[in-house]
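Have a look at the structure below, then the notes.
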Amino acid sequence: MADVSNLDAFVEFERVQKSYDGENLVVKDLNLSMPKGEFLTMLGPSGSGKTTCLMMLAGFETATHGDIRLGGTSINNIPPHKRGIGMVFQNYALFPHMTIAENLSFPLEVRKMGKTDREVKVMRALDMVEMGAFGGRRPSQLSGGQQQRIALARALVFEPELVLMDEPLGALDKQLREKMQFEITHLAHRLGITVVYVTHDQTEALTMSDRVAVFEDGRIQQLDPPDKLYEEPQNSFVAQFIGENNTLEGVVKEIKGGTALVQLDNGDLIDAKPVNVSKAGERTRVSIRPERVEFNKDRMPEGAHTLKAEVMEFIYMGDIFRTRLRVAGKDDFFVKTRNAPDQERLVPGQEIEIGWLADDCRALDA
Amino acid sequence: MSDTTQSGPVLAADGTPLKRSLSRALRRQKIRALMLIAPLLLFVLVTFILPIGDMLFRSVENQIVSETLPRTVVALKSWDATSGETPDEAVYAALAIDLKMAAEAKLHTRVGSRLNYEKPGISSLFRKAGRQVKKWDVENDGPYKARFLDLHKGWGDPDVWSTIQTYSPKFTNGYFLNSADMKKGADGPEWRPEDEQIYWLLLKRTMFMSMAITLSCIALAYPVAWILANLPARTSNMLMILVLLPFWTSLLVRTSAWKVMLQQQGVINDTLVWLGLVGDDARLAMINNQFGTIVTMTHILLPFMILPMYSVMKTIQPTYLRAAKSLGATNWTAFWRVYFPQSVPGIGAGSILVFILSIGYYITPELVGGTKGVFISNRIAYHISTSLNWGLAAALGAILLALVLILYWAYDKIVGIDNVKLG
């Protein structure tokens, strides 16, 4: 985050703070820099400040402190309608008293574009979202998914370089949501537009984005591509928030050769990769993904510390098996295994030994 | 599912047609629902539908002449009113019998006052004649023409007889013609002399002033409703009380308060004089005229405009404005192209309410309207309580009712009544 003012940055937040009541900061010291053409997602629980950031970028909220730059120029004092940023709203905000074509034509009309040009552009935008036949309808006559496409087309029809999306898929059902996720990403990449996307759905963030900014408590906790975010969370919050995660608590015994030896609270010893711990004696929270836990002795890495576990519950989920274990005195430890022909199905009550690669197990802040 | 493939009516499990079995199942619910609304239905019927029906009937009803003077009416049928001569002896004889019976039943003054609406002076003619005729022996006291002319020379006036003849049918359009500043002449409807015309003027004035009141209500209520709808709930509830407080205050108190404000020695004039904007000898006349009526009624009817506007604006999400701005619209364009069209149903509902209420308003124009600011409803009230010409009052009321219905229909055609939201 030191490269805030690098040259190819298109969207920049520099030391941005926001407070609504003058007592609490909703956004604390936000620094962010996006190159052109990037699809960046702001992910976080509600109240983490992600929507406020989006609204500051759109111009509907003013930053209490700091600088927001678009294409190198500060936009703090530019009103929303002059920023030229396309925006897709959570409830679509299609104007109910206008037809679909009129909705799309609106941004072109306020830009004083001629009638023929408008019609061409509206038609092109409708075709882009495969809604060419719906120009004469009213928003209320469309389904949620169709309204979503129109909202997208309307945000793109005046060819903005930056498009903001505020939880645009929140109101759709799961299947439609997944379909739209692909469509939006493909469209964004094809048109080469820069997108800032806000969501609280981590799957959406992982599948769509070039980079994800995880928000919590008004700060960006981690800003990384999805794979890095999932596999190398920088702190316990990110580890917990992104994907499923098993946590064990303990104290660092020693750090040697890039591996930390952690003594769990019940006395057991495990190996972990030190991330947020630097010296022996620190308390730590160890995080391990359920699919990286191994209980087959043949595949266990040599010389690794193992833990005793008791199978509490076996959950059949079709493509995978989830097994709940009692490990180190806690019974909320999950293991995920693929439903393969040779996969062992564990039985409740069974006693097993579990282990993992030290690299997969990350010793984070307590 | 298999039922739908069968031919003929769909049957329920026990073999009865499904439709009948469904209606039987729903009958209980329907009866219960009907019983729940029965008190209101009865109330509306007795206090609303029946009086309106009665009023509409009164506006054309004219049985009193033919019922009180049956023989005269028949005898008068063959008389030609355009001849300029009085009717013959047979008519006077019939009148003598009718009038004696009417006088004994004490009905002769009523028919007199009924005909007096059409031709002033007839009332006393009947009153005097009734008193005398009662003493006559109607079998043998003829000839009656001479005796009636002796009683009063008015009985020799062909106009009197023409009036009786014109108003002898059981139903009449006379009241409606009267409401339109016309009267029944010998050959069909004709305009009244210009100095007797009043209703057409009153109707035009009522329409114009109701329109002015509605427009000023829209202008004042729109920003207020907008603020109420966009403030946080706590503040807007506080302000809502300020809107409702006058609503809960007595109409008379509010009207009198405006009298205090607007009169020549009132608060506003005093202030203007004190500021030197108006000379002490040239105080503004703001009450007992149209201006006073419009100001006062705008104030009184304002809540009826604010409330429907507010409830419509409350449903317009702020994201619409944001969306418009993000699409490049200035504040004004966003408001005018996006917000305003969505608030039109509220304006429509408020306008209908205010216009219909003001077109029939009575108390306020009566108190602050003077002579130039009175409405047609004040004239109706005058006919109901002072001149006792209920038929004319009913005709004026019917015209007002028809006007409101026409406006409502026109509004439905132009804007669509579905677009009206009261809450």
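Just so we're on the same page: letters track the sequence lines, and every chain starts at 1.
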What part of [X] gets closer than 4.5 Å to chain B, counting heavy atoms only: side chain, backbone, both or neither?
X: A:R83; result: neither
X: A:Q90; result: neither
X: A:L164; result: neither

In this structure, are over 12 heavy atoms from other groups packed under 6.0 Å from [X] atom [atom1]?
X: B:R20; atom1: CZ; result: no
X: A:N77; atom1: CG; result: no
X: B:F208; atom1: CZ; result: no

* So which residues of residues 322-332 of chain B are in contact with chain A at a heavy-atom cut-off of under 4.5 Å? ->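 The stretch touches chain A at B:R322, B:A323, B:A324, B:K325, B:S326, B:L327, B:G328, B:A329, B:T330.
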* So which residues of residues 227-239 of chain B are in contact with chain A at a heavy-atom cut-off of under 4.5 Å? -> none
* Just by distance, do the side chain of A:H97 and the backbone of B:R337 share a donor-acceptor pair under 3.5 Å? -> yes
* To do: Check A:L94 against B:Y320 and note the closest heavy-atom contact, atom names and distance.
  =>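 Taking every non-hydrogen atom into account, O-CE2, 3.1 Å.
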* Nearest 0.5 Å, what's the OG1-CZ distance between B:T319 and A:F60? -> 9.5 Å
* **Residue selection (most heavy-atom pairs with chain B, distance under 4.5 Å) from A:M87, A:R154, A:M55, A:M98** => A:R154
